[in-house]
Every structure is written in structure tokens, then in C-alpha cells.
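Quick one: the structure is below, questions incoming.
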Amino acid sequence: MTRAFVSADMASIALGADEVAAALTARGVTVIRTGSRGLFRLEPLVEIETADGRIGYGPVAPDEVGAVLGGTHPNRIGRIEEHPFFARQQRFTFARCGVIDPLSLDDYAAHGGWRGLDLARARQPQAVIDAVQESGLRGRGGAGFPTAIKWQTVRDTAAPEKFVVCNADEGDSGTFADRMLMEGDPFCLIEGMAIAAHAVGAGRGFIYIRSEYPFAIRTMEAAIALAAPRIAPFVLEVRVGAGAYVCGEETALLDSIEGKRGQVRAKPPLPAMEGLFGRPTVINNVLSLAAVPFIIAEGAAAYAAVGFARSRGTMPIQLAGNVRNGGLFECGFGITLGELVEEIGGGTESGRPVKAVQVGGPLGAYFPPRMFDLPFDYEAFAAAGGLIGHAGITVFDDSADMAHMARFAMEFCAHESCGKCTPCRIGSVRGVETIERIMAGGRAPDRIETIPQMRNAAPRPRSRAEEIALLRDLCDTMKFGSLCALGGFTPYPVLSALDHFPQDFGEQA
């Protein structure tokens with residue numbers, strides 16, 4: 001009997017994968033639902049099992065399945081691994097995504113699953129932490145903090161109970177790697193969390209998923225139920241967030257799990273010492289935890305051998321926005337921004353010139369094409385005034401207005417701020433007002449300054465240059481005075497837009 005593989009990933013379903021699967025089933029084909037391979041312009045993608053391997057066709061419409069089964073469909077791709085988009089990748093974390101049935105324990109084991117957990121449990125916990133340290137693994141959701149340091153701190157902190165928490169609150173625009181992995185290879189994340197629990201001595205774990213990911217929530221809950229005997233005595237459960245962006249910050253996330261309003265906690269104490277319910281807690285991103293099974297199974301040296309400078313291993317990079325090849329591309333650090341946008345991404349979907357790319361979500365910096373030689377590396381991006389964050393890249397063509405984009409960053413911060421600290425809560429509101437005045441060419445202040453010598457002075461209109469200087473000063477205050485990264489990172493898109501696209505603010509380039 002013919003077997004076909006069709007994605008059940010949320011993006012694929014939105015593009016018609018369910019209808020294509022139903023049409024194949026109606027023709028007597030056995031359909032295996034998988035995760036997405038990661039190149040969305042090929043979806044719905046159908047792979048037919050043949051003696052020569054799985055042959056892909058995509059995109060496919062429901063009324064075209066006959067041509068697929070007959071081998072005459074015009075969108076024949078051949079072996080997916082040989083497609084240029086996939087042939088250049090180094091898939092460590094996403095090796096099984098799009099290949100296996102996400103909820104088949106047999107499929108997972110047949111493709112190397114559980115090897116890392118078995119090897120980890122055969123070792124002393126400290127040896128596992130040492131392997132993670134040797135691999136060079138750094139946090140894949142923020143500033144790249146070394147993963148092993150968090151684990152070591154939790155292990156060394158005496159407490160009657162410890163926790164492992166996975167931050168799956170993927171709120172950055174243009175990011176979808178967490179969702180793809182949870183929907184396409186959920187046991188990988190579960191295995192990584194079980195390894196972390198063994199390493200630090202934790203008995204319970206929580207996966208905090210944003211409510212906007214119903215398929216991921218459903219898949220993870222089903223996978224946890226299936227894997228429960230395999231990971232025992234470690235106990236794992238899903239907690240669903242209510243959609244607040246600030247709950248992507250680790251301490252606000254902990255408050256949310258505890259049933260409180262998500263607000264940032266002052267540090268110290270660090271969560272590794274006093275985290276969930278006041279207990280030592282490992283908090284890592286999905287991609288950080290999902291990298292661990294490969295590290296333990298294949299060896300720290302194999303992971304560390306890939307990468308660039310202090311950024312070791314691979315990074316699942318997400319290409320979105322006005323780009324032809326939107327999707328997930330996993331490769332070692334060091335590839336240039338230009339290669340990712342122009343070669344892998346294929347340039348803009350509109351066909352117009354690229355004007356800017358934003359890296360790191362809505363609070364990431366904007367980079368112009370003249371900086372496309374920048375290597376994808378934590379330190380290189382930091383030196384250029386940016387951040388990698390969750391590795392989302394959003395592409396804009398030359399029709400984008402960067403002053404409007406800078407205003408959006410401030411408005412976004414104002415909307416999503418938890419309100420606990422003044423620089424974020426008030427600074428973002430004043431930032432919107434200041435950018436609006438810059439866009440209007442500068443105007444008089446709303447009120448006269450209240451210092452004594454100014455009370456009787458006539459208001460003096462501020463020039464555009466003075467408003468821009470005020471905006472830069474405000475950004476400095478937010479960057480260095482905010483309690484967490486929401487307010488602290490908002491200046492990145494604003495200042496980068498000012499620095500690289502002054503003409504959009506009425507200045508000379």
C-alpha cells in the first residue's frame with residue numbers, strides 16, 4: 001500500500017494540508033502526519049514513499065493528488081534532503097522534524113531518540129553538566145547565557161525540591177522554531193528536560209506555552225502522556241500562558257505559573273537559587289533544551305566542532321517578513337546576514353530591494369544591506385548594536401518607513417509593559433510621543449517646564465534635531481534603567497533606525 005507523509009504543523013494546516021491529507025486518504029493512501037520540513041512555500045508538501053526514498057511534491061492542492069500519485073505533478077521536488085534549501089543545513093536539533101510521526105514513540109526511538117537520556121542517566125549528574133559546558137551551548141532565546149552555568153548553580157544550591165521550566169512563550173514576531181519543534185518532534189524537548197532534571201536533581205518540570213499555540217499545546221500534552229513511563233520519576237506538565245509578551249521574561253513567567261499576574265521580579269535572587277515557588281529552578285528556552293539530547297548522544301565535541309568563535313553548535317534561524325523563502329534554516333553560527341537574506345531567503349517576495357532586516361524579534365535592531373557581511377554570532381551582533389535573541393529575521397523592502405517602525409517599537413513596549421518599573425512604563429509612552437513630534441518636524445512642548453526660572457518663560461519650539469537628541473537620551477535611560485529586557489531592549493530598534501536610516505527621520509543620510 002502506498003504511504004504518504006503530510007505535515008500537521010499549524011502553518012501547513014493553514015495552507016491546506018488537512019484537505020490534501022483527506023484527498024490522499026480517500027484514494028486509499030496511508031497518510032502519516034508529520035511536522036513541517038520548514039520551507040513554507042512548499043506547503044502543503046506531500047512526500048511519497050518509494051524504493052528510492054521519499055519523493056516530495058509541493059505545493060499540492062487537494063484536486064492534484066492524482067498527479068502526485070501518478071508521478072506527473074509539475075511541482076515534483078525529488079528527495080527533500082537534496083533540495084538546495086535543505087542541503088545547506090546542519091540539522092542537529094531539527095533532524096527528525098518533518099521526518100517522523102511526532103507522537104510515535106517507535107518512530108522517535110528508531111531515529112535516535114532516548115539515546116541521550118539513557119547515556120545521561122548512566123552517568124553522574126556532574127558529568128552531564130560538564131558535557132553541556134564542553135559543548136559551548138548558550139541560551140537560544142536571549143543574550144546567549146551559558147546553559148551549563150545555570151544548571152551548575154541549581155545543582156549546587158541545596159533545597160528540598162528543584163524544578164526544570166521550559167520557556168515556550170514564543171512571542172517574538174517572525175519566530176516559530178519553538179512551535180515547529182513542539183508540533184514536529186515533541187519527545188526531543190521532553191528528553192532534553194529529563195536530562196536537565198537528572199543533571200540538577202529536579203523532580204518536576206513545567207512547559208510554559210503561550211495560548212496562541214493550540215496545536216503545540218495539544219501535541220505536547222499528548223506526548224507527555226505517552227512519554228511519562230519513559231521519563232519517570234521525572235514528572236512533566238504543560239502550563240498555558242494568557243498571551244502577555246512580558247511573560248517571555250523568565251521571572252514574569254514564574255509568577256504566571258504560580259498563578260499570579262506576570263510581573264518581572266527584581267534580581268537577585270536569581271531563579272537558579274530562588275525560582276518557582278521559591279525553589280532552585282532551571283529555566284531554559286525550547287531550543288536550548290532540545291539541543292541537549294544531541295550533545296549527550298553524539299558527544300560535546302561533535303556539537304562544539306560546529307559554529308563560530310564563542311558561539312558553538314547550530315542555530316535554528318527563522319526567515320520571515322517580505323522574503324521569498326520564508327521558513328526555518330538550521331546551520332552553524334558564522335554564516336553572514338547577507339547569505340541568510342539573499343541566498344537562503346532568496347531576497348524579497350515583492351522583488352524590490354531589501355531596505356532593512358530586523359534580527360531578534362520586535363525589540364531587535366534593524367540592519368541595512370551595507371552590514372550584510374556581519375557574521376551570525378552573539379558577540380558580533382552585540383558589537384554592532386544588535387542581538388540575536390531567538391534568531392528571527394524579518395525582512396523589509398525599500399517601501400518600509402523606519403521612523404514608523406521605530407514608533408511601533410515604543411508603542412509595542414508601552415502596550416506590553418508589566419508596569420513595574422518607570423523607565424519601561426513611562427519611557428515607552430514618552431518615546432511614542434517624541435517620535436511623533438520628530439515625524440511632524442518638531443513642535444512646541446505640551447507644557448512649560450515647572451522649574452522656577454522657567455515658570456514664566458514662553459514655550460520654545462524644539463527643533464527636529466533637539467527632539468532626536470531627547471529621544472536618544474530617553475533610550476539610554478530605558479536601556480540602563482529598566483528592570484528587564486523588555487524596556488532594556490526597546491532602544492535597539494529605535495537607535496538602529498535612527499543610526500542607519502536618518503533620512504526617514506528627516507535628517508541627512
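Computed over heavy atoms, backbone and side chain alike; hydrogens, waters and symmetry mates excluded.
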E349/R41 under salt bridge (charged side-chain N to carboxylate O under 4.0 Å, His left out): CA gap, chis, key distance, verdict: CA-CA 11 Å; E349 177 66 21; R41 71 178 177 84; over 6 Å; no

Apply side chain to side chain contact (heavy atoms under 4.5 Å, CB included) to residues L387 and F381 and explain how you reach the verdict. CA-CA 5 Å; L387 55 100; F381 268 68; 5.8 Å; no

Distance check, rounded to the nearest 0.5 Å: E379 atom CD versus R310 atom CZ? 4.0 Å

Kindly indicate whether the side chain of L39, heavy atoms from C-beta on, has any atom under 4.5 Å from the side chain of L45. no

Should the pair E436-R407 be classified as a salt bridge under the 4.0 Å nitrogen-to-oxygen rule? yes

Quick check: closest heavy atoms across P493 and P362, and the distance to 0.1 Å? CG-O, 3.8 Å

So that I can tick it off, tell me whether E250 and K150 are bridged by a salt bridge, with the cut-off set at under 4.0 angstrom between side-chain N and carboxylate O. yes

Report the C-alpha separation of F329 and Q89 in whole Å, then their side-chain angles, then the decisive distance to 0.1 Å, and conclude whether the side chain to side chain contact (heavy atoms under 4.5 Å, CB included) test is met. CA-CA 6 Å; F329 187 89; Q89 296 191 43; 3.4 Å; yes

Taking CZ in R352 as the centre, count heavy atoms belonging to other residues, nucleotides or ligands within less than 6.0 Å. Is the count above 12? yes

Ring-plane angle category for H83 and F85, please: parallel below 30°, perpendicular beyond 60°, tilted otherwise. perpendicular

If I take atom CZ from residue R33 and atom CD1 from residue I100, how far apart are they, to the nearest 0.5 angstrom? 15.0 Å

Look at the aromatic rings of F187 and W114 and report parallel, tilted or perpendicular, splitting at 30° and 60°. tilted

Applying side chain to side chain contact (heavy atoms under 4.5 Å, CB included) to M182 and E170, what does each step give before you reach the verdict? CA-CA 11 Å; M182 289 188 289; E170 188 174 49; 5.9 Å; no

Take E191 and Y108, measure what side-chain hydrogen bond (donor to acceptor under 3.5 Å, both in side chains) needs, and give me the verdict at the end. CA-CA 11 Å; E191 183 178 4; Y108 185 67; 2.4 Å; yes

Look at R37 together with E81 and state whether they make a salt bridge at an N to O cut-off of under 4.0 Å. yes

Given side chain to side chain contact (heavy atoms under 4.5 Å, CB included), test C331 with I317 step by step and report yes or no. CA-CA 8 Å; C331 65; I317 298 164; 3.9 Å; yes

State whether the number of non-hydrogen atoms from other residues, nucleotides or ligands found under 6.0 Å of R239 atom CZ is greater than 12. yes

Please verify the inter-ring angle class for F412 with Y245; under 30° counts as parallel, over 60° as perpendicular, anything in between as tilted. perpendicular

Output yes when a side-chain donor or acceptor of R370 lies under 3.5 Å from a complementary backbone atom of F367, and no otherwise. no

A side-chain contact here means heavy atoms from C-beta on lying under 4.5 Å apart; do F145 and R138 qualify? no

Of all heavy-atom pairs linking G139 and T147, the shortest is N-OG1, 3.8 Å

Nearest heavy-atom approach of A403 to M439 is CB-CG, 4.0 Å

Taking the basic N atoms (NZ, or NE/NH1/NH2) and the acidic carboxylate oxygens, is any pair closer than 4.0 Å for R140 and E330? no

Is it true that F501 and F396 have ring centroids separated by less than 6.0 Å? no

Identify whether the distance between the nearest side-chain nitrogen and carboxylate oxygen of D9 and R179 falls below 4.0 Å. yes

State, without any angle test, whether S350 and D397 hold a side-chain donor-acceptor pair at a distance under 3.5 Å. yes

Regarding D504 and K355, does a basic nitrogen lie under 4.0 Å from an acidic carboxylate oxygen? yes

Check for a donor-acceptor pair, side chain of S496 on one end and backbone N or O of Y366 on the other, with a separation under 3.5 Å. yes

Report the distance from atom CD1 of I77 to atom CD of E82, rounding to the nearest 0.5 Å. 12.0 Å

Give, for atom CG of N322 and atom OG of S399, the distance between the pair rounded to the nearest 0.5 Å. 7.0 Å

